[in-house]
4 protein chains.
Amino acid sequence: MSKKRGRTEKGEKSRHRLMEAAAEEFARSGYHATKVSDIVKAAGLTQAAFYLYFPSKEAILSELVAEFKQQLRVFGDSGSNVTALAPSDVPAKMRQNIEDVLTFLLKNRELVRVALYESPEATVIHEEITGLIRENARKNWLAGHIREGLALDVVAECIFATIHASAERWLFNGEKSAKQLASEIAEVLQYGMLAHRPKNDLPKA
Amino acid sequence: MSKKRGRTEKGEKSRHRLMEAAAEEFARSGYHATKVSDIVKAAGLTQAAFYLYFPSKEAILSELVAEFKQQLRVFGDSGSNVTALAPSDVPAKMRQNIEDVLTFLLKNRELVRVALYESPEATVIHEEITGLIRENARKNWLAGHIREGLALDVVAECIFATIHASAERWLFNGEKSAKQLASEIAEVLQYGMLAHRPKNDLPKA
Amino acid sequence: MSKKRGRTEKGEKSRHRLMEAAAEEFARSGYHATKVSDIVKAAGLTQAAFYLYFPSKEAILSELVAEFKQQLRVFGDSGSNVTALAPSDVPAKMRQNIEDVLTFLLKNRELVRVALYESPEATVIHEEITGLIRENARKNWLAGHIREGLALDVVAECIFATIHASAERWLFNGEKSAKQLASEIAEVLQYGMLAHRPKNDLPKA
Amino acid sequence: MSKKRGRTEKGEKSRHRLMEAAAEEFARSGYHATKVSDIVKAAGLTQAAFYLYFPSKEAILSELVAEFKQQLRVFGDSGSNVTALAPSDVPAKMRQNIEDVLTFLLKNRELVRVALYESPEATVIHEEITGLIRENARKNWLAGHIREGLALDVVAECIFATIHASAERWLFNGEKSAKQLASEIAEVLQYGMLAHRPKNDLPKA
DNA sequence: CATGAATGAGCGTTCATTCAT
DNA sequence: TATGAATGAACGCTCATTCAT
């Protein structure tokens, strides 16, 4: 199960420092612009040491992406039994979900950038995430919490894109808290922007 | 007519081919992964010819970005006198605006990716765009078309993030048309996702 | 006899401007560091025009050197009938010769640097010049104007090295005039530096 | 003993070989005409290894020049207490000084050419050297060993130019020995060339 | 486990030179 | 005569990777 045999504690620490350093550098400057020498410098090791732990620069990238995907699984089973929710509890629950995602993104901000911008799998991962959200939305739709007439794939894209963009813009630099941002996002996503709902523009339910 | 001094038509064409090729390559593989040799190969020229028209690889990138910014100005004055709109016309107008943006993105898809992902100015440009949208939203809010209690900066981010993500996902690969996508996005953004509006969750107007 | 047939006056002018420009650039920055583009820029022409007049960059160098050698011939017959000189006239004559050389160097300063530093023939030219001087010295020696016991080749080298170095140092930048410098140099070369002539150190005449 | 950190003896040797090779190549072909590939070929290394030790081609040049300047300091304090010399010892001492300089030049012939021809500092270095000589001459003048009425700066230039030119011409190619050359040069410089000293041309002492 | 030394392959850029008009 | 466009052949330099200790 372990990736390498006979690993020492010290080695494990070096390996970990390399991963952290790589995540930070990749996130800051991008995969291609980051040199192996940058990574090892940040980790306090030599270049040769790098290849003790990773077969290539690409390998450390995909390992970071793998780590991100691992972290993602936490969200796989969230929002399961939405049916049980009373309609009046839905908005708060949704607000909470958004906050959870924001908190997750904040904790893994480097990984997020790596996985979503720098990885060759970026598109796939993006679709995995929006897929999770779409499934959750579908359950809520079946439970009657979501309006008729909406394209759920677009809904999912809208939710994630908004969360992600907002995180990059206000969360990662500390301009807004996860709680505050979650409220503001939820407010928009739940009831939309328009002040007036024309009579002839009702959902086709 | 023009025998002396100044660029020739042929040269202008070569230069243009290089810009096109660079946009395509940068969009496909990213700035760093794209070699000058890739660009000139795609443009049917030699490496040296590249430097006849651009002082460096970086220069063609920023020229591409400049071109994108130039194109952007078209949208600077759109949605000016929103006050004149009757509330019932707002949804259609907004749907049309979204479609216009989608059409613009589609026409400039390479430039979009370059400017928004590969450029060092990416963040600034992103903020310029959402700034335009936010201003437009503010005018609509003053005109009473937009609900109270919304954070307009988040609204703007939500609009652009959704449009942009959707374009990348369904528009650029032809899976959805601009018209269709605009409708679906507008539907979500205008009235939100929730089916029921709890009494205690009304806007604080 | 002419280098090219059917040459126009305009062409001849362009060619001349190129030679002047090349001399100046070669003198300032050296042959290798000077680009053809530098030369044509200084001459107000295009690179292609350069090759209308010279088959290569090297060609213009050797043509400049040839021109220098041509100029040199003026000195070939100077100091011929030294025998006729009265010993008391020798110092003044020598001072005048030095001044003449300095004046020549000043008038051809660019050419001098090109021929003596940048040309592959530099060594040969240097030897040609010192050869002329040595011959002149030999005539003066035969006429009894020059001390016994001197190595005439070293004398020649000493004369030219001093003149040349002094020109580079004080003449070309205007710090000393040719007349002034000639006097100072002559003073040293004629009677040497030492104040006292030990009895046991007399020439072996 | 030294397992961790710091340059190894092997590395130091490689670095040294590169310096030697560069000196030789620069001296032979000039800075611009010498390719990094020439240097590493002569040093038995690859291009990349070069940049392990020097940040650029220019850097190795200035390091070479710095080394030359370092070597030069040996001469800084030579000829100090000339006052103590009896006038009859001066010629021999001077002859010896010239021989020392010739020996130094011979030992550092590559460095000499690099520092005096190829370096951007060439002029400065030239002036440093002649400055040293001029100071020495001034001390000898104060001690009464040098004739009145001489321009000491010209004297210094004369001394160095003659030594340098002679070295290039006869010493470096083995045609004359340092001892022999020193005698011949000293003979000229000490008492000058002329056989007769006109009565009206006496020093203005 | 970790190091300093070394490398091969390639990249961005330059420049003397040629072509077509 | 002169031009703008184009090129081939390098060159300086970088970087991921390997070797020897």
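Everything quoted here is computed from the prediction, not taken from an experiment. Naming convention: chains lettered A, B, ... in sequence-line order (proteins, then strands); numbering from 1 in each chain.
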Listed by chain and number, what are the salt bridge (Lys or Arg N to Asp or Glu O under 4.0 Å) partners of Glu12(C), not counting sequence neighbours? Arg7(C)

The side-chain contact (heavy atoms from CB on, under 4.5 Å) partners of Ala48(D) (sequence neighbours excluded) come to Thr46(D)

Residue-phosphate contact under 4.0 Å: Ser14(C) side-chain N/O, dA2(F) OP1/OP2: yes

Using the test salt bridge (Lys or Arg N to Asp or Glu O under 4.0 Å), find all partners of Glu127(C) that sit at least two apart in sequence or belong to another chain. Arg169(D)

By salt bridge (Lys or Arg N to Asp or Glu O under 4.0 Å), which residues pair with Glu168(C), not counting sequence neighbours? Arg113(C)

The answer to which of Lys10(B) and Glu9(D) contacts DNA chain E further toward the 5' end, by nearest nucleotide, is Glu9(D)

In whole angstroms, how far is the C1' atom of dT1(F) from the NE2 atom of His16(C)? 18 Å

Hey, can you tell me if His32(B) and His32(A) have their rings parallel, tilted or perpendicular (30° and 60° cut-offs)? parallel

Within residues 45-59 of chain B, which residues have any heavy atom lying less than 4.0 Å from an atom of DNA chain F? Leu45(B), Thr46(B), Ala48(B), Ala49(B), Leu52(B), Tyr53(B)

Length of the CG-P vector between Leu18(A) and dT3(E), whole Å: 10 Å

Taking salt bridge (Lys or Arg N to Asp or Glu O under 4.0 Å) as the test, write out the residues that go with Glu128(D), two or more places apart. none

Scan residues 114-126 of chain D for pairs that pass salt bridge (charged side-chain N to carboxylate O under 4.0 Å, His left out), counting only residues two or more places apart or in two chains. Lys69(D)-Glu121(D)

Contact nearer the 5' end of DNA chain E, comparing Glu12(A) with Gly44(D): Glu12(A)

In whole angstrom, what separates Ile39(B)'s CD1 from dT13(E)'s P? 10 Å

Atom CD1 of Ile60(D) and atom C1' of dC13(F): how far apart are they, to the nearest Å? 14 Å

For atom NZ of Lys41(D) and atom P of dA10(F), their distance in whole Å: 11 Å

So, the side chain of Ser56(A) versus the backbone of Ala59(A): is there a donor-acceptor pair under 3.5 Å, distance only? yes

Listed by chain and number, what are the side-chain hydrogen bond (donor to acceptor under 3.5 Å, both in side chains) partners of Gln70(B), not counting sequence neighbours? Arg73(B)

Residues in contact with DNA chain F, drawn from residues 25-38 of chain C - heavy-atom cutoff 4.0 Å: none

Give me each pair satisfying side chain to side chain donor-acceptor pair (under 3.5 Å) with a member in residues 21-30 of chain A, each pair once, sequence neighbours excluded. Glu25(A)-Arg28(A)

Pairs in or reaching into residues 36-62 of chain A: which pass salt bridge (charged side-chain N to carboxylate O under 4.0 Å, His left out), with residues at least two apart or in two chains? none

Angle of first-five versus last-five pair axes in the helix from dA2(E)-dT21(F) to dT21(E)-dA2(F), to 10 degrees: 30°

